[in-house]
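So that the names make sense, note that chain A is the first sequence line, chain B the second, and so on, each numbered from 1.
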Amino acid sequence: MARIIVVTSGKGGVGKTTSSAAISMGLALRGHKTAIIDFDVGLRNLDLIMGCERRVVYDLVNVINGEATLNQALIKDKRCENLFILPASQTRDKDALSIEGVGKILEDLAKDYEYIVCDSPAGIERGATLAMYFADDAFVVTNPEVSSVRDSDRMLGILSSKSRRAENGEEPIKEYLLLTRYNPERVELGEMLSVEDVQEILSLQLLGIVPESKSILTASNSGTPVILDEESDAGQAYSDIVARYLGEDKPQRFIKKEKKGLLQKLFGGKS
Amino acid sequence: MSLLDYFRSRKSKTASVAKQRLQVLVAHERASRNQPSYLPTMQQELLAVIRKYVTVDDDAISVNFEQNGNQETLELNIVFPEDGH
């Protein structure tokens with residue numbers, strides 16, 4: 001039986017697709033057969049982040065409408081044989097997604113896959129609500145910034161009331177916090193909400209902190225999930241996150257700024 | 001952190017302001033999240049009925065919904081103007 005994960009946030013630009021791509025690759029690298037679905041119908045971008053934009057033939061809406069089979073639409077990742085990508089459609093039809101259609105796709109995928117990662121669009125429109133409706137686990141991606149924290153809290157409200165689990169009176173969706181674009185130096189200066197602040201407000205289990213990192217942009221430039229950049233801080237942060245999700249005990253990192261030498265302290269340096 | 005940053009850090013800590021604002025806002029939004037969806041309409045209709053008899057301001061009426069376990073309480077509060085009769 002597959003576990004369905006939704007990566008959500010409410011606010012746009014906080015790192016949902018980056019996180020979805022990294023985490024699904026991480027799960028696949030650990031030997032779990034994983035499918036990742038882009039729910040951002042009309043504004044497809046997961047294909048670019050995964051580096052498979054030129055291999056898209058059919059998409060999510062084609063499968064829902066019966067114009068293609070699931071196997072025709074799924075793109076097999078070239079770096080990891082356990083990872084498959086289902087791209088979103090570029091249609092402007094807002095009603096292209098149906099709850100029955102999405103339910104059927106997830107049900108079919110669940111027969112073959114261990115993890116299904118649903119990359120939610122921003123906002124609270126149909127794509128976002130359908131991405132979370134069938135979820136077992138929710139990764140709430142949040143930046144240490146007021147509007148992101150507020151929107152995350154709003155998504156928690158929707159997760160707990162408008163999901164299949166809530167409607168059937170089952171055990172609620174397990175919610176985890178992913179704090180991204182974290183800058184320990186600014187936190188130390190009192191310019192940025194700390195991880196404790198955000199946890200206190202949202203009362204969520206912290207799955208991990210992803211530091212603000214140059215490696216995110218270089219990874220997306222080349223269509224490589226950042227987790228494959230093992231040297232980078234962000235890549236390591238996502239590896240830790242996947243490990244913790246799978247039940248490994250990994251202490252939190254990237255909370256404190258790195259110690260610098262005396263010269264760097266006096267004159268500043270690259271951060 | 002450079003020497004310059006050291007002096008800059010003496011300025012007010014905006015993160016704590018952010019935290020306080022969020023705590024107030026989130027508490028308020030969570031309270032209204034659990035309210036039934038008919039509440040705002042009901043508030044408007046109640047106001048219309050009261051206005052047939054008394055002149056009251058828009059903010060003179062407050063409707064609060066509270067839930068404690070199985071018990072739901074609807075609290076209606078109307079402030080009459082002092083010279084409203």
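Here the closest non-hydrogen pair linking A/Val146 and B/Leu22 is O-CD2, 3.5 Å. Contact record, A/Leu193 with B/Ala15: CD2-O, 3.5 Å, taken as the closest heavy-atom pair. The two atoms that bring A/Asp153 and B/Arg30 nearest to each other are OD1-NH2, 2.6 Å, heavy atoms only.
With a 4.5 Å cut-off on non-hydrogen atoms, A/Glu200 touches chain B through its side chain but not through its backbone.
Within a 6.0 Å sphere centred on CZ of A/Arg244, heavy atoms belonging to other residues, nucleotides or ligands number more than 12. Heavy-atom neighbours of A/Glu171 CD from other residues, nucleotides or ligands within 6.0 Å: at or below the threshold of 12. Counted within 6.0 Å of CZ on B/Arg51, heavy atoms from surrounding residues, nucleotides or ligands total more than 12; the atom is thus considered enclosed.
Rounded to the nearest 0.5 Å, atoms CD (B/Gln23) and CG (A/Asp197) are 8.0 Å apart.
Comment: B/Glu29 engages A/Arg150 in a salt bridge, judged by a side-chain N to carboxylate O separation of less than 4.0 angstrom.
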